[in-house]
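So the structure is just underneath, and the comments pick up after that.
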Amino acid sequence: MSYGKKVVSREELERIMALCESIERRGLDPFSVNVKELLARLRRILEEQKDLDTIVLDAETLYRIAVLISLQQKWLKERASSLFIDSQLVSLKIASADPRQLAAALARSWRPIVRAEQITPYRLRQGMEYFLMLPPRDRALEKLPLTREGLQITHQIGYAKGVELEEEIKKMHEACIRMAGSKGEVDYWSLVSAETFEGVVWRAYVLSFLVTEGLADIRKNPITGELKVVPYPSKKKREKITALVVSIKGGEVPKGLG
Amino acid sequence: MDEEKGETERAGRKLAIAASMLLFSSHRLPGVRGWELRRRLGRNYLKIIDALNSKLNSIGLRVKIMFDQPLGGSPAEEDFDRARFFVTLSEPLSVADIVAAGWNIEDVAVLAAALSYLFTKGGRASEKELVELIEVKLPRWKVEAAIERFIRKGYLTRAEDNTIKVGWRALAEVDEKELLKAIMDISPTQQKDGSEGRT
């Protein structure tokens, strides 16, 4: 068997597969292909060449032809359900009708879905509950100085540059243990309190790192809302991690920011 | 006596739940699946839907059940569980009603032409073919814009190989046989009075 003939057979099989695939993909008329002829070609190729590659390709082609036959069956069913109305006939009708006639034809067969898209009382109640749960926003915050002034403040209190955060965390940890004493816990607000608002923010910020590191824990009394910080002498692996949001402004306008 | 009254009240409540589930939905797709109805209404949800259907019929509405796949025989319980239930109009609209509802008559014509052609092509045709067919009636840009709009609304679907398919919404709302019959009934001399749609 020549190599050239093998290549030709392979190409022929691939062409048949591509043809079947394109009919399947593009929804063309599956009867536009002569299946008998395809099968005869397949048989001839298989008789001429019996190497493994050709047999595998032949099997794949046979599968594609089988799919085509199933499409023919489906096509017939659909044609029967559409009263054997041909697409050519529909095209002619569309070309001869005016838009209003086409619209009227659709109107005859169209029963639109009815649904309401407005909010339901249940969702309205849910939304109301959510709204009531939101903490009040302090309007004074909106007056916070922007960009340059804001950067100046952050620079003054050293939020980022020139501050050794690790050192601050260490200091906070020590303060926490000292203040907790034998009780083993300290009130959150007495721990973060400072002379200025910026100072309070800074201490709360550092404390958050302490908690994240596992050197302390914050416990909230669900009834009174009281916050307690429980310091640990060494890092403790936390089993359950939850986020706690603490509003440190408490509705007051801090000095220098109002 | 009290027991009977309680039973009626319960049934009434279930009807109200079924109506709210079918009519008010926050999903992208309207309606609810059968299993969702069963979860809220209980095992006999089909009876409740049937009762709701009778009530809706009196105001020109009906409950439509759309199965995931065309069924050969009568549907089984699992088929109903997977099916989508929604409310549609029970009678077709007239062209005047459609226009009054805010639809553009030319857009509706594009949809009619596209759907009827797709139905005869096994539910799928190339976009180019479809546009070329309809542009004999309307400007190309208008046809393309309308097709886009109907794709967004779910009446048509664009497949990855640039073919257009019949969308879920058209399958739910449009009666294929009725549309093809109506298209075949069009004659060039037909009266253009806008009330042809009323049956």
Side-chain angles (χ1 to χ4, degrees), chain A residues 21-32 68 70-124 126-127, chain B residues 20 23-26 30-31 61-62 64 86-95 97-98 105-106 108-109 111-113 115-117 119-126 133-134 136-138 161 163 169 172-186 188 190 192 194 196-197 199:
Chain A
E21 274 173 6
S22 97
I23 288 172
E24 187 188 343
R25 210 177 47 244
R26 294 172 59 200
L28 299 172
D29 180 2
F31 286 99
S32 59
L68 188 73
S70 79
L71 278 177
Q72 288 185 338
Q73 188 198 7
K74 198 177 155 208
W75 182 265
L76 271 179
K77 266 191 189 170
E78 276 163 4
R79 292 287 294 275
S81 69
S82 61
L83 313 170
F84 280 97
I85 295 168
D86 187 45
S87 60
Q88 293 292 325
L89 203 57
V90 167
S91 306
L92 282 173
K93 284 284 179 184
I94 292 168
S96 67
D98 74 27
R100 197 173 181 86
Q101 285 176 311
L102 288 172
L106 182 67
R108 254 173 72 177
S109 58
W110 191 19
R111 284 156 188 86
I113 290 174
V114 178
R115 73 159 167 171
E117 286 185 348
Q118 71 262 38
I119 198 157
T120 61
Y122 173 69
R123 290 275 176 220
L124 198 63
Q126 267 193 331
Chain B
S20 70
L23 289 166
F24 300 107
S25 68
S26 56
L61 302 174
R62 65 169 181 182
K64 173 140 191 199
F86 41 77
V87 177
T88 69
L89 297 184
S90 56
E91 293 299 322
L93 297 161
S94 69
V95 177
D97 292 337
I98 292 173
I105 194 103
E106 288 181 341
V108 182
L111 184 60
L115 287 178
S116 55
Y117 187 70
F119 283 141
T120 55
K121 295 281 280 180
R124 173 198 282 251
S126 83
L133 167 78
I134 311 169
V136 296
K137 309 296 307 174
L138 296 162
D161 54 348
T163 54
R169 199 159 174 186
E173 298 183 359
V174 180
D175 185 329
E176 178 184 339
K177 281 183 191 168
E178 187 68 50
L179 175 65
L180 291 175
K181 199 167 169 290
I183 291 281
M184 287 300 114
D185 287 348
I186 293 175
Q190 193 171 330
K192 301 168 191 173
E196 304 101 310
T199 51

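Proteins get letters first, then strands, A, B, ... in listed order; numbering begins at 1 in each.
- Residues A:S96 and B:K137 share a closest heavy-atom pair of C-NZ, 4.1 Å.
- Of the atoms belonging to B:V136, it is side-chain heavy atoms, and not backbone ones, that fall under 4.5 Å from chain A.
- Listed by chain and number, the residues in a side chain to side chain donor-acceptor pair (under 3.5 Å) with A:E24 are A:R64 (sequence neighbours excluded).
- Note that the CZ atom of A:R111 and the CZ atom of B:R62 stand 5.5 Å from one another [nearest 0.5 Å].
- In this structure, no portion of B:I134 lies under 4.5 Å from any heavy atom of chain A.
- When atom types are taken as modelled, the side chain of B:K121 and the backbone of A:S87 share no donor-acceptor pair closer than 3.5 angstrom.
- Taking A:P112, A:A97, A:A95 one by one and counting their heavy-atom pairs under 4.5 Å with chain B, the maximum is reached by A:P112.
- The two residues A:A107 and B:P92 have their closest heavy-atom pair at O-CB, 3.1 Å.
- Taking the side-chain contact (heavy atoms from CB on, under 4.5 Å) definition, one finds that A:S91 meets it with B:Y117, B:L133, sequence neighbours left out.
- When all heavy atoms of A:L106 and B:A112 are compared, the closest pair comes out as CB-CB, 3.6 Å.
- Heavy-atom distances place both the backbone and the side chain of B:L179 under 4.5 Å from chain A.
- For the atom pair CD1 (B:I105) and CG (A:L102), the distance works out to 10.0 Å, reported to the nearest 0.5 Å.
- Side-chain contact between A:W110 and B:I98: present, with at least one pair of heavy atoms (C-beta onward) separated by less than 4.5 Å.
- Once rounded to the nearest 0.5 Å, the distance linking CG of B:L61 with CD1 of A:I113 reads 12.5 Å.
- The structure places CD1 of B:I186 at 12.0 Å from CG of A:L92, a figure rounded to the nearest 0.5 Å.
- The two atoms that bring B:M184 and A:L89 nearest to each other are SD-CD2, 3.7 Å, heavy atoms only.
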